[in-house]
Amino acid sequence: MIIDEVKIYLKAGDGGEGSFSSMKYSSRRVIGGGGDGGRGGDVILKVSPHLSDLIKFNDKKRIIAEDGERGKEYNKKGKNGQAAIVYLPKGTEVVDLDGNLIIDLNQDNQECLICRGGKGGVGNFKKLYSLPAEKGEEKEIILYYCIPNDVAIAGFANTGKTSLFNALTGKSYKVADYPFTTTSCVWVPVEFKGLHFTVMDTPAIKKDSPNIYAQNWFFKHLFRSKIILLLSDNSESCKEDFLRLKKEIGSFDKLLVKGKKFFYLLNKVDKIDKTKRNLKGIMPVSTVDGTGVEELKKKIIKTLINMAS
Ligand SMILES: Nc1nc2c(ncn2[C@@H]2O[C@H](COP(=O)(O)OP(=O)(O)OP(=O)(O)O)[C@@H](O)[C@H]2O)c(=O)[nH]1
Ligand SMILES: [Mg+2]
């Protein structure tokens with residue numbers, strides 16, 4: 001299971017107070033008085049390529065940047081507080097407590113200043129009286145991590161999703177002849193003919209889930225998918241299976257079936273009678289004898305390029 005949702009508290013540093021200290025003179029020139037306080041540190045959100053979920057927030061839900069230092073006598077400015085940089089996986093949506101999107105961090109190295117540190121107070125060297133420092137901003141936010149994938153593989157149990165994922169990516173994730181082998185999402189970048197995209201394997205879709213949000217929890221990770229490969233391994237029922245799969249996905253959120261390309265794949269055709277393999281609008285594939293795998297890669301590339309233009 002992926003930790004993909006967390007509420008955290010952020011607080012930027014307060015500005016350091018300006019100093020009020022006696023004025024010092026040398027040959028009638030003012031050489032000293034209270035210096036300004038330092039600026040409080042900002043809180044910055046930044047995408048890190050090394051993270052792939054929000055688990056690190058399980059034991060750190062409050063992030064507080066450093067306060068600015070107080071100003072000192074002889075017009076010495078206090079040190080600025082250090083910024084707190086909160087590293088997040090690419091694909092994190094930052095939302096306020098009313099559900100408004102603050103920012104979608106979906107680019108490499110993207111960053112955002114989320115809480116501004118308070119300005120330091122002004123010391124009496126400048127003004128003859130000192131002015132108070134500002135407080136740092138504070139916010140409670142919710143982070144939703146949504147896996148950045150281009151192509152997702154989805155289907156009922158044991159239809160060969162992981163086998164196809166392995167065939168497309170060159171990986172060797174666990175495949176077994178029993179249902180629900182895959183329990184979490186796995187996603188990896190793929191390069192094919194100079195083009196890069198990310199493919200995601202998913203756990204099996206459970207039919208008629210009484211609690212779709214708990215049992216088919218991974219549907220939320222289809223939001224960023226551009227192409228969804230729907231898999232069936234039964235030539236008799238595949239058309240019905242595809243309708244059913246789309247209905248299950250759509251009942252989680254209608255947006256999951258809008259604006260996406262669905263490819264309909266009949267898998268394990270090495271076991272299916274030749275006369276029953278070629279169905280209109282359905283791609284025959286087999287990860288055992290390789291049928292259709294290269295064609296599928298080419299179709300994915302063509303579709304991604306078309307969708308981007
Ligand atoms: N004959 C044949 N068997 C296949 C093919 N693809 C997968 N299988 C077999 O089907 C079974 C299930 O394969 P998986 O890839 O684990 O299926 P899955 O859909 O990921 O399964 P879950 O994660 O449990 O939902 C395994 O025994 C595979 O060896 C295929 O193209 N032809
Ligand atoms: Mg699997």
Side-chain angles (χ1 to χ4, degrees), residues 1-2 4 52-53 147 149-190 192 197-222 225 227-249 251-252 256 262-279 281-300:
M1 186 94 172
I2 299 163
D4 49 23
S52 53
D53 71 7
I147 296 171
N149 68 93
D150 301 299
V151 182
I153 305 174
F156 295 127
N158 218 30
T159 46
K161 298 179 295 300
T162 305
S163 305
L164 182 65
F165 176 79
N166 289 341
L168 291 174
T169 61
K171 301 285 177 191
S172 41
Y173 283 90
K174 187 173 173 190
V175 162
D177 197 13
Y178 50 80
F180 307 110
T181 309
T182 305
T183 55
S184 194
C185 295
V186 177
W187 61 105
V188 296
V190 175
F192 184 64
F197 55 95
T198 302
V199 182
M200 177 171 77
D201 187 20
T202 63
I205 293 180
K206 296 179 187 81
K207 298 179 192 180
D208 302 321
S209 305
N211 184 352
I212 192 169
Y213 295 98
Q215 292 188 295
N216 286 326
W217 59 270
F218 55 90
F219 280 171
K220 64 177 114 165
H221 294 291
L222 299 175
S225 315
I227 300 173
I228 300 179
L229 310 181
L230 294 181
L231 226 64
S232 170
D233 59 355
N234 186 324
S235 61
E236 305 295 325
S237 68
C238 63
K239 286 190 178 158
E240 215 177 287
D241 289 347
F242 297 140
L243 284 175
R244 219 23 218 291
L245 288 166
K246 274 182 94 165
K247 195 167 160 249
E248 295 286 345
I249 296 171
S251 60
F252 186 86
L256 288 178
F262 284 88
F263 290 5
Y264 305 100
L265 308 182
L266 176 61
N267 190 28
K268 307 189 188 177
V269 289
D270 55 285
K271 287 204 306 196
I272 296 172
D273 191 280
K274 285 208 166 80
T275 57
K276 294 182 177 167
R277 285 180 186 184
N278 294 314
L279 302 164
I282 297 173
M283 295 181 73
V285 283
S286 162
T287 52
V288 167
D289 67 14
T291 305
V293 176
E294 285 303 296
E295 290 88 330
L296 175 61
K297 282 188 184 175
K298 283 183 194 153
K299 194 170 167 190
I300 288 172

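Because only heavy atoms are used, hydrogens play no part in the values below, and waters and symmetry mates are left out as well, while side chains stay in. Remember, it's a predicted structure, so these values are computed and weren't measured experimentally. Each ligand, and each atom within it, is numbered from 1 in the order the structure gives.
- Using a 4.0 Å cut-off between a side-chain N of Lys or Arg and a carboxylate O of Asp or Glu, Lys276 and Glu236 qualify as a salt bridge.
- Of the candidates Thr169, Ile227, Ile300, Thr169 is the only one forming a side-chain contact (heavy atoms from CB on, under 4.5 Å) with Val199.
- Take Tyr264 and apply the ring-ring contact (aromatic ring centres under 6.0 Å, His included) test, not counting sequence neighbours, and it matches Phe242.
- Sorted by chain and number, the heavy-atom contacts of ligand 1 below 4.0 Å come from Ala157, Asn158, Thr159, Gly160, Lys161, Thr162, Ser163, Val175, Ala176, Asp177, Tyr178, Pro179, Phe180, Thr181, Thr182, Ala204, Asn267, Lys268, Asp270, Lys271, Ser286, Thr287, Val288.
- At least one donor-acceptor pair closer than 3.5 Å links the side chain of Asn216 to the backbone N or O of Lys206.
- For the 3.5 Å distance criterion, the side chains of Asn267 and Thr159 fail to qualify, holding no donor opposite an acceptor.
- The backbone N or O of Asp150 sits nowhere less than 3.5 Å from a side-chain atom of Thr198 that would complete a donor-acceptor pair.
- Partner of Leu231 under the side-chain contact (heavy atoms from CB on, under 4.5 Å) criterion, out of Leu266, Leu265, Asp241: Leu265 alone.
- Protein N/O/S atoms found under 2.8 Å from the Mg ion (ligand 2): Thr162 OG1, Thr182 OG1.
- How far CG of Leu245 is from NZ of Lys247: 11.5 Å, rounded to the nearest 0.5 Å.
- For Phe197, there are no ring-ring contact (aromatic ring centres under 6.0 Å, His included) partners, not counting sequence neighbours.
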